[in-house]
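Side chains included, hydrogens not; waters and symmetry mates left out as well; all remaining heavy atoms used. Here, residue 1 is the first one in the sequence, and each next residue gets the next number. It should be emphasised that the depicted structure is a prediction, and the values quoted were computed from it without experimental measurement. Remember, it's 1-based here, ligands and their atoms both numbered in the order they're listed.
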Amino acid sequence: DKGSAAAIPINEVDIAYVTPVTIGTPPQTLMLDLDTGSSDLWVFSSLTPSTQVRGQEIYTPTKSSTSKLLSGHTWSIRYGDGSGSRGSVYTDNFTIGGLEVRSQAVQTALEVSSSFTQEQSLDGLVGLGFSTLNTVRPSSQLTFFDNARPNLDEEVFTADLKYHATGSYDFGFIDSKKYTGNITYTAVQQSPGYWTHSLSGYSVGSGAFQASQISGISDTGTTLLYLPTAIVTAYYRQVQGAQNSQYYGGYVFPCSSTLPTFTFGIEGARFTIPASYINYTRISPTSTTCYGGLQSSSGLGINIFGDVALKAAFVVFSGTNPPRIGFATK
Ligand SMILES: O=C(NC1CCCCC1)N[C@H]1[C@H](O)[C@@H](N2CCCCC2)[C@@H]2OC[C@H]1O2
């Protein structure tokens, strides 16, 4: 089996990407955020208080002839940005891009935090981390990828996220039309459940490459790139007027600044993030001050290779034993 679906930016600064999925019989279509940084598949539902629903599509299990309540099971999740949700669990037929999983655990929200209510074009998440992170209790549930794996032509899924454009997620195959050159793979440490791997180093603009093992997680559900303070200060030292603002919670600079590119290494390969990806957004619609797409990871306890980095490459998440992650230019 295999599947292929669009990854559509939900706003003009690519804060997140959503993918159409169908749930149940007859199929109910929702737009979900495929998130390699978590492992719960949860949706806005008919059980979500209407005060917390603002424009989202909802899943109504009672309208599906193939839905089954997973009785006595609950879930509750808190994300790194402080957002969260909790609820009950059904199983139902679930498809992404033509790839079907029967009896997928679909976690129905009984409560969502305000940042989810405010994102009206995001109807929930599909966790694509390792199933060890799943929060359903008393028995944890498998991700869509883990359920689909036995039937996939190849035990992989790929992410081709794009800057200010629609990209794609593929399951079960590697589309050679989506990248150039070779895919460079590197080892993944799957405990405690993230796609954890190392960068082999970095460079700022035309500067020399600094070889250094930088461990972190490739996380499609995180918007920005979070790296050690030493790297981030070296980057913004090249930006006229840049400062690390307590007020805005990160590096800001004049929107008119010329930013350098940022290059990261995967083993011997090099991937360059264009300056435009790092000139992330104005701090408010009329401001001439901009917020950076590269920020410090100090305080997070982990480096996060989020969408700003991932959209500079074609990324292969390989569920082989042992798991590995691959990057190619595109
Ligand atoms: O919390 C993180 N990442 C942290 C960011 C700060 C530094 C630590 C990691 N990712 C979440 C993301 O923010 C959520 N958000 C929803 C609204 C649209 C934008 C995306 C979405 O839900 C879970 C996941 O994706």
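A continuous path of hydrophobic side-chain contacts links Tyr185 to Tyr179 [ILVMFWY only; heavy atoms under 4.5 Å].
Between Tyr248 and Tyr291, the distance separating the two ring centers is not shorter than 6.0 angstrom. Aromatic ring centroids of Phe144 and Phe171 lie under 6.0 Å apart. For Phe271 and Phe264, the ring centers sit closer than 6.0 Å to each other.
Classification of the Phe130-Trp195 ring pair by plane angle, with boundaries at 30° and 60°, yields tilted.
In the hydrophobic clustering (ILVMFWY side chains linked at under 4.5 Å, chained through shared members), Phe173 stands by itself.
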When you pair each N or O of ligand 1 with protein N or O atoms, which pairs come out under 3.5 Å?
| unit_1 | atom_1 | unit_2 | atom_2 | d |
| --- | --- | --- | --- | --- |
| ligand 1 | 1 (O) | Gly80 | N | 3.3 |
| ligand 1 | 1 (O) | Asp81 | N | 2.9 |
| ligand 1 | 1 (O) | Asp81 | OD1 | 3.2 |
| ligand 1 | 3 (N) | Thr222 | OG1 | 2.9 |
| ligand 1 | 10 (N) | Gly221 | O | 3.2 |
| ligand 1 | 13 (O) | Asp81 | OD2 | 2.7 |
| ligand 1 | 25 (O) | Gly221 | O | 3.0 |

